[in-house]
Amino acid sequence: MAKNLTSRDTDYSRWYNELVVKADLAQNSGVRGCMVIKPYGYGIWERVQAELDQRFKATGHENAYFPLFIPKSYFSKEASHVEGFAKECAVVTHYRLKNAEDGSGVVVDEDAKLEEELIVRPTSETIIWDTYRDWIQSYRDLPILVNQWANVVRWEMRTRLFLRTAEFLWQEGHTAHATKTEAIAEAEQMLDVYADVVENIMAIPVLKGTKSPNERFAGALETYCIEALMQDGKALQAGTSHFLGQNFAKAFDVKFQTKEGTVEHVWATSWGVSTRLMGALIMTHSDDNGLVIPPKLAPIQVVIVPIYRGEEQLEEISVVARKLKAEMEAKGLRVKFDNRDTHKPGWKFNEYELKGVPVRLAIGPKDLEKGTVEVARRDTLEKEYLQQEGIATKIENLLEQIQLNMFQKAVDFREENSHKADTWDEFKALIKKKGGFVYAHWDGTPETEEKIKELTKATIRCIPLDQKYEDGKCILTGNPSKGRVVFAVAY
RNA sequence: CGGGGUAUAGCGCAGCCCGGUUAGCGCAUCUGCUUUGGGAGCAGAGGGUCGCAGGUUCGAAUCCUGCUACCCCGACCA
């Protein structure tokens, strides 16, 4: 059978994996660590893309595309950057195959060895900065505000659908500026763009903050991040924006002449979010019946299921269904009328619940008589009968309510699972028993952070941007601290 | 890369220990009839190089050797 999902209480991890597959979002492929994103899952990703892309454009960015392959030598130029990715790179060494002499199949032609190996991009800073050198001579060429939608490859040891795959889809913005101030403002602006989409479209509340040096992006001077809390008490990094200083400009010799005639290195940022957001979506909202998608994100916002006996009755119901569909579509709602005769209503109810469609309308013979329609909302699973008259406006309002309710529910969950710890014992107990975000004092040293990670698996998720000054003592060493940082066990 | 496991129909599994006709079961699929307000019922049907390569044997899914792939637990990580 296996028609029902494993419950979250039984095995959260298993629930997640089953949900991804059964809701038709993605599946494992024949390629190690790489997933197939199915049309329904890709449809949700496309909506995330559209919301982000629109905001990128609105803040003055343009899309471009850079190569998938990067010559190995490029990675030698920025030491700390290569150190961050060296252990997880796929390397292309040959360019030709041939038939094996013993007929056993296709083998690599050893004669076709590349002079210089190519790295499948784990991120594109190096190739982009090598290109920017050609684009930038004068202060008049700045700023450069470019984004690319692409796939990248990081050869992870252990993978999970959406959360960590060897190949994943993302966008990476790479900007070049004349001043440090401007670059920092850019990095902060893009963090706000991410927070806007994640909170207001995906209904996932996030903490904005900066990373501790240990968790900082390889090659960055400052890493800004948004951190979300999942239902199982673990944190998920939902997006990052980096202030890169002049590191890449220096490594790739990107200079410009200022108005005053001096020559200076440019200032850089990079920022990205990935298909990992799909994982955040699932683990923030979904329940034991399946996915729950916030209305602003849902590819299908309203599904209409007819309940009928015989073709004649289906025809009568279809007339009403099409009319209601047209009324809702006129208001810009995304509506599907599922008149397939191959599945029964009960089957469809379960199907759309599993797929997280926010609102379901059912129309049957009783509704024809009374001029009503059964309205079921996915977030609360509540059902009620409403008059068909003026349904479009009612549903439009309901969708807004669902959007707000889902966000509020997630905020409440996060608040319930955010705690302060003032002693080491308290800290250990919180991390171990409840998980969630733990606000605690830290002496600011990488060594202490490392030690805490060893002892509890918890890491500093971020130093909140709205951190309040508060004298305290480091949870582990007792050394002085002037504010609390956020700890959690992370995905 | 260390530890553990698995590989048999589209999916999930049994059979293997103790070799023996035609390799089974559930779900899914197809056909027919009855059904349709929460994953329908009955009857029938199709679907397999038992991961790959060797070996032992009269005979191998089953025993032996080698290989490959995948999964889980660690270390690593958006």
Side-chain angles (χ1 to χ4, degrees), chain A residues 1-5 11 13-14 17-18 21-22 27-34 83-89 102 104-105 122-123 151-172 194 211 214-218 220 223 225-228 235-242 270-280 289-290 305-311 313-314 317 339-354 360-370 372-376 381 383 385 453-454 457 459 461 490-491:
Chain A
M1 288 283 281
K3 276 183 177 173
N4 294 318
L5 289 170
D11 186 341
S13 172
R14 194 164 152 195
N17 287 327
E18 286 181 9
V21 172
K22 289 183 176 169
Q27 64 182 72
N28 273 310
S29 71
V31 188
R32 195 207 83 106
C34 298
E83 211 186 306
F85 292 103
K87 284 177 282 181
E88 47 188 41
C89 286
D102 63 4
S104 61
T123 179
N151 58 340
V152 288
V153 170
R154 297 183 190 173
W155 214 255
E156 300 289 353
M157 288 301 164
R158 294 189 55 211
T159 59
R160 285 187 77 193
L161 293 169
F162 288 119
L163 293 176
R164 183 170 298 108
T165 46
E167 178 194 15
F168 56 91
L169 306 184
W170 77 345
Q171 58 71 218
E172 46 182 325
Y194 288 154
K211 286 291 186 190
N214 275 11
E215 299 277 326
R216 202 174 276 159
F217 178 71
T223 289
C225 62
I226 48 175
E227 291 284 327
L236 186 78
Q237 179 174 305
T240 49
S241 179
H242 315 288
S270 72
W271 28 274
V273 297
S274 71
T275 34
R276 194 182 218 200
L277 282 176
M278 299 286 289
N289 294 315
V305 177
I307 296 151
Y308 58 93
R309 202 182 293 257
E311 261 181 51
Q313 203 169 59
L314 173 61
I317 290 168
N339 63 350
R340 287 178 299 173
D341 192 33
T342 50
H343 297 282
K344 295 178 54 170
W347 191 92
K348 292 177 185 175
F349 291 172
N350 282 286
E351 176 75 0
Y352 291 110
E353 241 156 57
L354 197 48
R360 180 187 73 229
L361 304 184
I363 308 174
K366 294 180 216 161
D367 299 298
L368 285 186
E369 280 175 34
K370 298 179 194 162
T372 55
V373 56
E374 186 199 67
V375 179
L381 297 168
K383 290 188 280 195
Y385 285 88
K453 183 179 179 182
E454 252 172 60
K457 287 188 175 176
T459 51
R461 299 324 303 153
Y491 270 95

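Quick caveat: nothing in here was measured; it's all calculated off a predicted structure. Chain identifiers are assigned alphabetically (A, B, ...) following the order of the sequence lines, protein sequences preceding nucleic acid strands; residue numbering begins at 1 within each chain.
S274(A) comes within 4.0 angstrom of a base, heavy atoms only. Nucleic acid contact for F85(A): none, since no nucleic acid atom lies under 4.0 Å from a heavy atom of the residue. Within 4.0 Å of T165(A), counting heavy atoms only, lies at least one base atom of the nucleic acid. At a threshold of 4.0 angstrom between heavy atoms, the contacts of K383(A) include nucleobase atoms, whether or not backbone atoms are also involved. The residue E156(A) sits close to a base: some heavy atom pair falls under 4.0 Å. When heavy atoms are screened at a 4.0 angstrom cut-off, Y491(A) is found touching no nucleic acid atom at all. When heavy atoms are screened at a 4.0 angstrom cut-off, R14(A) is found touching no nucleic acid atom at all.
Under the side chain to side chain contact (heavy atoms under 4.5 Å, CB included) criterion, N214(A) pairs with S212(A), P446(A), E449(A), E450(A), sequence neighbours left out.
Look at the P atom in both rG59(B) and rC67(B): the space between them is 26 Å, to the nearest Å. Between rC27(B) and rG46(B), the two C1' atoms lie 16 Å apart (nearest whole Å). Spacing of C1' atoms, rG20(B) relative to rC11(B), comes out at 31 Å, to the nearest Å. rG47(B) and rU29(B) are spaced 9 Å apart, taking the C1' atom of each and rounding to whole Å.
For the pair K348(A) and K453(A), both in contact range of RNA chain B, the more 5′-proximal nearest nucleotide belongs to K348(A). Of the residues near RNA chain B, R461(A) and N17(A), the one whose nearest nucleotide (by heavy atom distance) lies more toward the 5' end is N17(A).
Looking only at distances, a side-chain donor or acceptor of K348(A) sits under 3.5 Å from a matching main-chain atom of R340(A). Put simply, the side chain of T159(A) never gets that close to the backbone of A166(A): no donor and acceptor are under 3.5 Å apart.
The aromatic rings of W271(A) and Y194(A) sit perpendicular to each other, their planes meeting at more than 60°, with 30° as the lower class boundary. In this pair, F168(A) and W170(A) present their aromatic rings perpendicular. The plane angle is above 60°, beyond the 30 to 60° band.
The interatomic distance linking N28(A) (CG) with rC72(B) (C1') rounds to 13 Å, in whole Å. Here the P atom of nucleotide rC1(B) and the CH2 atom of W155(A) are 13 Å apart, to the nearest Å. The interatomic distance linking L163(A) (CG) with rA78(B) (P) rounds to 13 Å, in whole Å. Remark: C1' of rG37(B) and CG of L361(A) are 14 Å apart, rounded to the nearest angstrom. In this structure, W347(A) atom CH2 and rG38(B) atom C1' are separated by 13 Å, rounded to whole Å. Here rC72(B) presents its C1' atom at 11 Å from CG of D11(A), a figure rounded to the nearest Å. Rounding to whole angstrom units, CD of residue E215(A) and P of rC76(B) are separated by 11 Å. The distance between atom CZ of R276(A) and atom P of rA78(B), rounded to the nearest whole Å, is 8 Å.
For the pair V21(A)/L161(A), a side-chain contact is recorded, criterion being any heavy-atom separation below 4.5 Å from C-beta on. Taking the side chain as every heavy atom from C-beta outward, Y385(A) and K370(A) never approach each other to under 4.5 Å.
The side chain to side chain donor-acceptor pair (under 3.5 Å) with T223(A) is formed by just one residue from the set R216(A), Q237(A), K211(A), H242(A); it is H242(A).
Stems are defined here as 3 or more consecutive Watson-Crick or G-U wobble pairs with pairing distances under 3.5 Å; those involving RNA chain B are B:1-7 with B:68-74, B:10-13 with B:24-27, B:29-34 with B:40-45, B:51-55 with B:63-67.
Salt bridge present: R360(A) and E353(A) bring a charged side-chain N and a carboxylate O closer than 4.0 Å. Looking at K344(A) and E351(A), no side-chain N of the basic residue comes within less than 4.0 Å of a carboxylate O on the acidic one, giving no salt bridge.
Side-chain proximity of E374(A) to the nucleotides rG74(B), rA78(B), rG37(B) is greatest for rG37(B). Ranking rG38(B), rA78(B), rA75(B) by closeness to the F349(A) side chain, first place goes to rG38(B). Listed nucleotides: rG39(B), rG38(B), rG37(B). Nearest to the side chain of E353(A): rG38(B).
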Sub-3.5 Å pairs of nitrogen or oxygen atoms, protein against nucleotides 34-36 of chain B:
from, atom 1, to, atom 2, distance (Å)
rU36(B), OP1, R309(A), NH1, 3.0
rU36(B), OP1, R309(A), NH2, 3.2
rU36(B), OP2, R309(A), NH1, 2.4
rU36(B), O2', Y308(A), O, 3.2

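Heavy-atom neighbours of E83(A) CD from other residues, nucleotides or ligands within 6.0 Å: at or below the threshold of 12.
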